[in-house]
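Worksheet for the structure shown next.
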Protein chains: 2
Amino acid sequence: MKVKKYYESVAPYGREQCAEIICPIQFLMDIIGSKWSVQILRELFRGDMRTHELIEALPGISTKTLTIRLRELEKYGLLIRTVYPEIPPHVEYSLTAKGRELKPVILAMKQVGEQWLHQESCICALELSG
Amino acid sequence: MKVKKYYESVAPYGREQCAEIICPIQFLMDIIGSKWSVQILRELFRGDMRTHELIEALPGISTKTLTIRLRELEKYGLLIRTVYPEIPPHVEYSLTAKGRELKPVILAMKQVGEQWLHQESCICALELSG
DNA sequence: CGGTATCCGACCCGATACTG
DNA sequence: CAGTATCGGGTCGGATACCG
């Protein structure tokens, strides 16, 4: 009886391989649409990073979720995991060429996201009335 | 006691308003990252659509999910819902100017998505060994 | 340091039946 | 035709403790 490693049991829920019709936009969303995925990629665009650097750069992420996301992105060929056989362990993550193809997507998202963020009236803003 | 309408009870799970630090990329993902959202927007970029036209254009979506996604996108100001007081009911959805600002994002996603889709070896392909 | 195992609440979303 | 109510399975992902 094959036992799945725990991070294999988690996959983007919308993904349906080889459906009759595949929308390339949804196809991409299924790859990068999980929580934290784009933020991990965003960090790696700044340069190669070690695990604890990612954890520090992404406040709130758990080691479990980080590992799952990294394995997914590695499986999709977007990043490479390099292990240096040292003690204590030393693991480095870096974007592949394929991963860097996401740059225009992430740039476009950044541009629109910033624009909308600045327009948005903050829900937490103090109400002066009353 | 206020009773939430059922579609108000559903919101993108990653959204945290007014966090100390907000990544504009994640901010955008929280708006368009739910299942079906980008596909709905993709259809509306082709022109205004009625509810049943969207259902036909998005095979697999339920009326419930469609309604929830449409209300979300309307709440974010990305589309407008127009009701024509007729019998039978006639409702039309159209992108707002803000919604159309997503065009470069969706185009970039489409481009990369198509490229990767064509590279991908199909998991369902027959295995010739054995 | 990096990763794993386990538990568990939250919620996403599909199916179905029903209303005006 | 468009939308609502309700149910329920699946899984997402956070918290925590532990290992080599």
Side-chain angles (χ1 to χ4, degrees), chain A residues 3-16 19 26 29-40 48-74 79-93, chain B residues 3-16 19 26 29-40 48-74 79-93:
Chain A
V3 178
K4 281 187 180 178
K5 297 203 179 173
Y6 81 98
Y7 53 78
E8 290 177 343
S9 64
V10 180
Y13 54 82
R15 190 75 180 276
E16 286 160 27
Q26 190 61 44
M29 284 299 296
D30 292 340
I31 293 175
I32 65 169
S34 298
K35 192 175 178 184
W36 296 110
S37 292
V38 282
Q39 309 210 53
I40 292 170
D48 299 358
M49 296 190 79
R50 299 183 58 169
T51 309
H52 70 272
E53 292 175 320
L54 282 169
I55 289 178
E56 287 156 21
L58 303 171
I61 199 171
S62 66
T63 62
K64 172 192 159 188
T65 299
L66 178 60
T67 303
I68 291 174
R69 289 288 98 82
L70 287 169
R71 294 294 183 284
E72 273 174 20
L73 297 172
E74 186 187 12
L79 56 79
I80 289 282
R81 176 171 180 266
T82 308
V83 180
Y84 296 91
E86 302 171 0
I87 292 179
H90 179 167
V91 177
E92 196 112 13
Y93 294 95
Chain B
V3 178
K4 280 188 180 178
K5 297 202 180 175
Y6 81 97
Y7 53 77
E8 291 178 341
S9 65
V10 180
Y13 53 81
R15 189 76 179 275
E16 286 160 28
Q26 190 62 43
M29 285 297 298
D30 292 340
I31 293 175
I32 65 169
S34 297
K35 192 175 177 184
W36 296 110
S37 293
V38 283
Q39 309 210 52
I40 291 169
D48 299 359
M49 297 190 80
R50 298 184 57 170
T51 310
H52 70 273
E53 293 175 320
L54 283 169
I55 288 178
E56 288 155 22
L58 303 171
I61 198 171
S62 66
T63 62
K64 174 191 157 187
T65 299
L66 178 60
T67 302
I68 292 173
R69 289 289 98 80
L70 286 169
R71 294 293 183 283
E72 274 175 19
L73 297 172
E74 187 188 11
L79 56 79
I80 288 283
R81 177 172 179 263
T82 308
V83 181
Y84 297 90
E86 302 170 2
I87 292 178
H90 179 168
V91 177
E92 197 111 13
Y93 293 95

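In the text below, chain A, chain B and the rest are named by the order of the sequence lines, each starting its count at 1. Computed over heavy atoms, backbone and side chain alike; hydrogens, waters and symmetry mates excluded.
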Value in whole Å for how far the C1' atom of dG3(C) lies from CD of E74(A): 13 Å
So, under a plain 3.5 Å distance rule, would you say the side chain of S62(A) forms a donor-acceptor pair with the base of dT16(D)? no
On the nucleotide dC1(D), are OP1 or OP2 found under 4.0 Å from the side-chain N or O atoms that T51(B) carries? no
Look at the side chain of K35(A) and the base of dG13(D), then say whether one donor and one acceptor between them are separated by less than 3.5 Å. no
Tell me if a side-chain donor or acceptor on R81(B) pairs with a main-chain N or O of V91(B) at a distance below 3.5 Å. no
For the side chain of R71(A), starting at C-beta, report the closest nucleotide among dC1(C), dT4(C), dC13(C). dT4(C)
d(OH, Y93(B); C1', dA2(D)) in whole Å: 8 Å
Is any side-chain nitrogen or oxygen of H52(A) closer than 4.0 Å to OP1 or OP2 of dG2(C)? yes
Quick note, V91(B) side chain, CB onward, closest among dG3(D), dC13(C), dG2(C) is dG3(D)
Minimum heavy-atom distance between M29(A) and G33(B), given as atom pair plus value: CE-CA, 3.5 Å
How many Å lie between CG on D30(B) and C1' on dC12(D), as a whole number? 14 Å
Can you tell me how far P of dT16(D) sits from CD1 of I55(A), to the nearest Å? 15 Å
Among the nucleotides dA17(C), dG2(C), dC13(C), whichever has the atom closest to the side chain of T63(B) is dA17(C)
Given atom CG of L70(A) and atom C1' of dG3(C), what is their separation to the nearest angstrom? 11 Å
If you count the non-hydrogen atoms of other residues, nucleotides and ligands that lie under 6.0 Å from CD1 in I55(B), is the total more than 12? yes
Please give, in whole Å, the distance from dT4(D) P to I68(B) CD1? 10 Å
Base, sugar-phosphate alone, or nothing: which one does P89(A) contact when heavy atoms must sit under 4.0 Å apart? base
Starting at NZ of K64(A) and ending at P of dT6(C), how long is that distance when rounded to a whole Å? 12 Å
Going by modelled atom types, is there a donor-acceptor pair between the base of dT4(D) and the side chain of T67(B) at under 3.5 Å? no
Minimal non-hydrogen separation, P59(B) against A57(B), with atom names: CD-O, 3.2 Å
note: E92(B), atom CD; dA2(D), atom P; distance rounded to Å ~ 9 Å
Residue-phosphate contact under 4.0 Å: R69(A) side-chain N/O, dG3(C) OP1/OP2: no
Please determine if a side-chain N or O atom of W36(A) lies less than 4.0 Å away from the OP1 or OP2 oxygen of dG14(D). yes
So what does Y84(A) touch, heavy atoms closer than 4.0 Å: a base, only the sugar-phosphate, or nothing? nothing
Would S37(A) and S34(A) count as a side-chain hydrogen bond (donor to acceptor under 3.5 Å, both in side chains) if you check the C-alpha gap in whole Å, the side-chain angles of each, and the deciding distance to 0.1 Å? CA-CA 6 Å; S37(A) 292; S34(A) 298; 4.6 Å; no
Below 4.0 Å: OP1/OP2 of dC1(C) and any side-chain N or O of R50(A): no
What pair of heavy atoms forms the shortest contact from W36(B) to Q26(A), and how long is it? N-OE1, 4.2 Å
